[in-house]
Structures are given as structure tokens and as C-alpha cells.
Amino acid sequence: MVTTSARPVAERLAHLRERAGMSLEQVAREAGYRGRSSIQRYFEDQTIESLQPKVAAKLARALVGKGTPPIQPAELIVLVHGDADHGAWMAQLETMPLAASTILKLPPHEPRDAASSVLLIRSGMLPVMGPAHASNWMERSPSLDEPEDWISVPNEHYVNKVGQYVLRIVGPSLNKVAPDGHYAICQRYGEGRHTPPNGKYVHVERWRGDFIEWTIRKVRSDGDQVLLCPDSTHPDHQQVLDLGASEDQVRILGIVTGWYRPA
């Protein structure tokens with residue numbers, strides 16, 4: 001069982017660093033920072049009350065598993081949520097070891113239950129559901145209920161809201177707005193909504209016989225006609241889909257709320 005007291009974050013981090021037997025420079029480099037100056041204030045500023053989830057995740061990569069006894073993910077998680085929620089968070093983590101071991105260390109393709117997924121989302125992580133790859137026809141559609149990975153997104157894109165997920169942009173089908181390697185942050189499309197929002201980008205699932213394509217298109221509506229338009233300079237990605245008259249079966253799975261490319 002992991003326990004912490006009401007000590008300042010800097011004091012707790014300094015204790016974890018000493019327990020790991022690491023210098024500040026070592027911690028910085030293993031956490032992915034250029035040097036000690038990038039993280040020094042977290043270990044010395046006694047006024048810091050909590051850590052941003054992305055900072056805690058980086059420090060966890062350097063510290064978790066080190067020292068005697070080995071440092072646990074929960075010891076970093078609690079520094080994100082502060083002392084006010086300490087008891088409740090630790091109680092949840094003690095009863096859900098999967099969440100405690102993976103919130104800050106996230107190997108891909110590891111199944112998670114609903115409760116641990118909620119904890120991941122509350123810690124600033126979003127599920128990656130698969131690729132948005134136009135012209136890549138699959139025999140089986142990825143599931144919006146089975147993430148292939150979890151990633152940390154910038155604070156300006158993160159919303160603690162049920163139904164938010166991420167798609168990987170693959171290829172040039174959106175190169176005007178989101179080239180290959182970018183991510184699309186999406187919100188699930190409400191079952192009760194029948195008119196897609198004009199001018200918005202949407203996550204589209206298209207069926208052609210037994211094959212499925214996931215792509216992202218821009219909505220252009222004119223009266224009763226709803227067109228799903230590409231936003232690419234590539235000649236292979238210029239087809240416009242008519243939502244009501246397409247030869248393929250088409251449905252909208254999500255609304256794109258933002259784009260970003262990991263550093």
C-alpha cells in the first residue's frame with residue numbers, strides 16, 4: 001500500500017528522487033527533458049500544489065520502479081490531484097491495480113476496464129481508436145470501445161468529457177489541414193443528432209461491400225443535401241461523398257474538435 005503525507009509536492013519529489021538514487025540531471029534526461037533546469041522548480045519550489053498530468057507522466061518514466069521499495073505510479077498520480085482528493089484517489093487505486101500501474105506507464109494494446117479508462121481520462125490521457133486513412137479499405141472496422149493506445153494531449157485540446165477520442169492521420173487525404181503524422185481529436189457524434197454541423201470536420205465510416213474505410217471529411221450542407229468533402233491537394237483524394245446518395249454506406253462517428261502533431 002502506498003501512503004503519502006500532506007507534504008509539499010517539491011518535498012515529495014525530492015524524496016522520490018533520493019529513494020531512486022538518481023541525480024536531478026539523471027531524472028531530467030530519463031524523463032525526456034534537456035537538462036535539470038527544465039524540472040528543477042518542481043523539486044525545489046515549495047509553493048507548487050500539484051503537477052500537470054503531462055509533467056507527472058514524464059517524471060514517472062524516470063522514477064517508477066526505481067528505489068527500495070520500488071516507486072509506484074500511484075505516488076506520482078497523487079501529486080496531480082492534490083491532497084484534497086488524496087484519500088479518494090488512493091482508495092480507488094488500491095482497488096484497481098490495473099489503473100494504478102498504467103495511468104502513468106502506458107504499454108499499447110493492453111486491455112483496460114471501464115473504471116480504469118475513466119481514471120486515465122481524468123489524468124489527461126485520451127484513447128487512440130485507430131487510423132484515419134482514406135483509400136485504406138479494411139476487412140474489420142476498429143472499435144470505438146477498444147483503444148489501440150492512450151496518449152497525452154496538450155492542455156488546450158483536452159476536455160474531461162465522455163466520448164472524446166483520437167485518430168491518427170495516415171497519408172495525404174487531409175494534407176491541407178492535418179498532414180500525415182498529425183492527430184485528430186474527436187467527440188462521438190450524438191445518436192439523437194440527424195444534421196451534421198456545416199463547416200465542421202467529421203470522422204466518417206464508409207462501407208463498400210465487406211470492406212470498411214475510416215476517413216475524415218468536411219461537411220458542406222445545402223438545404224437537404226449534405227456533402228462530405230476532402231481537404232487535400234492530392235489527386236487521389238478529391239472524391240466528394242453525398243451523405244444521402246452515396247453508392248457506399250456512410251455514417252458519421254464523430255466530430256473533429258481539434259488537431260495537433262506530437263513534438
**Fill in**
To the nearest 0.5 Å, atom OG1 of Thr47 lies from atom CZ of Arg41 at 9.0 Å
**Message:** Side chains of Pro230 and Val240, heavy atoms from C-beta outward: is any pair under 4.5 Å?
**Reply:** yes
**Message:** Checking Val202 against Tyr189 for the side-chain contact (heavy atoms from CB on, under 4.5 Å) test, could you report, in this order, the C-alpha distance in whole Å, the side-chain angles of both residues, the deciding distance, and whether it holds?
**Reply:** CA-CA 9 Å; Val202 291; Tyr189 188 56; over 6 Å; no
**pair Ser232-Leu174: side-chain heavy atoms closer than 4.5 Å** = no
**Asked** Under a 4.5 Å cut-off applied to non-hydrogen side-chain atoms, are Val55 and Tyr33 in contact?
**Response** yes
**Verify same cluster id: Trp137, Val170 (apolar side-chain graph, 4.5 Å)** = no
**Request:** Enter the distance from Thr215:OG1 to Ile169:CD1 here, rounded to the nearest 0.5 Å.
**Result:** 8.0 Å
**Asked** Side chains of Leu253 and Arg251: does their closest heavy-atom pair fall under 4.5 Å?
**Response** yes
**Message:** I need the Leu59 CG to Arg17 CZ distance, nearest 0.5 Å.
**Reply:** 12.0 Å
**Asked** Can you tell me if Glu213 uses its side chain to pair, donor with acceptor, with the backbone of Ala134 under 3.5 Å?
**Response** no
**Asked** Are Trp259 and Ile216 side-chain neighbours, meaning at least one heavy-atom pair lies under 4.5 Å?
**Response** yes
**Prompt:** Taking atom OH of Tyr165 and atom CD of Gln187, what is their separation to the nearest 0.5 Å?
**Reply:** 8.5 Å
**Prompt:** Which atom pair, heavy atoms only, marks the closest approach of Ile212 to Glu205?
**Reply:** CG2-CG, 3.7 Å
**Asked** Are His203 and Met129 close enough that some pair of their side-chain heavy atoms sits under 4.5 Å apart?
**Response** no
**Asked** Picking from Leu228, Thr257, Ile255, Val177, what satisfies side chain to side chain contact (heavy atoms under 4.5 Å, CB included) with Tyr201?
**Response** Val177
**Prompt:** Taking a hydrophobic cluster as the set of Ile, Leu, Val, Met, Phe, Trp and Tyr residues connected by side-chain heavy atoms closer than 4.5 Å, whether directly or through intermediates, do Leu227 and Val256 fall within one such cluster?
**Reply:** no
**Spacing of NZ belonging to Lys66 relative to CD belonging to Glu30, to within rounding of 0.5 Å** = 4.0 Å
**Complete:** Arg19 and Ile71 have their tightest heavy-atom pair at NH2-CA, 3.4 Å
**Message:** I need the Tyr260 OH to His182 NE2 distance, nearest 0.5 Å.
**Reply:** 10.5 Å
**Prompt:** Under the 3.5 angstrom rule, does the side chain of Arg36 hit a backbone N or O of Ala28 as a donor-acceptor pair?
**Reply:** no
**Item:** Nearest heavy-atom neighbours spanning Met22 and Gln26
**Value:** CA-OE1, 3.2 Å
**Message:** Donor-acceptor check, side chain of Gln225 to backbone of Ser221, threshold 3.5 angstrom: yes or no?
**Reply:** no
**Asked** Given side chains that start at C-beta, do those of Arg217 and Ser173 come closer than 4.5 Å, heavy atoms only?
**Response** no
**Over all atoms of both residues, closest heavy-atom pair of Glu25 and Gly35** = OE2-CA, 3.7 Å
**Message:** Is the shortest side-chain heavy-atom distance between Leu16 and Val27 below 4.5 Å?
**Reply:** no
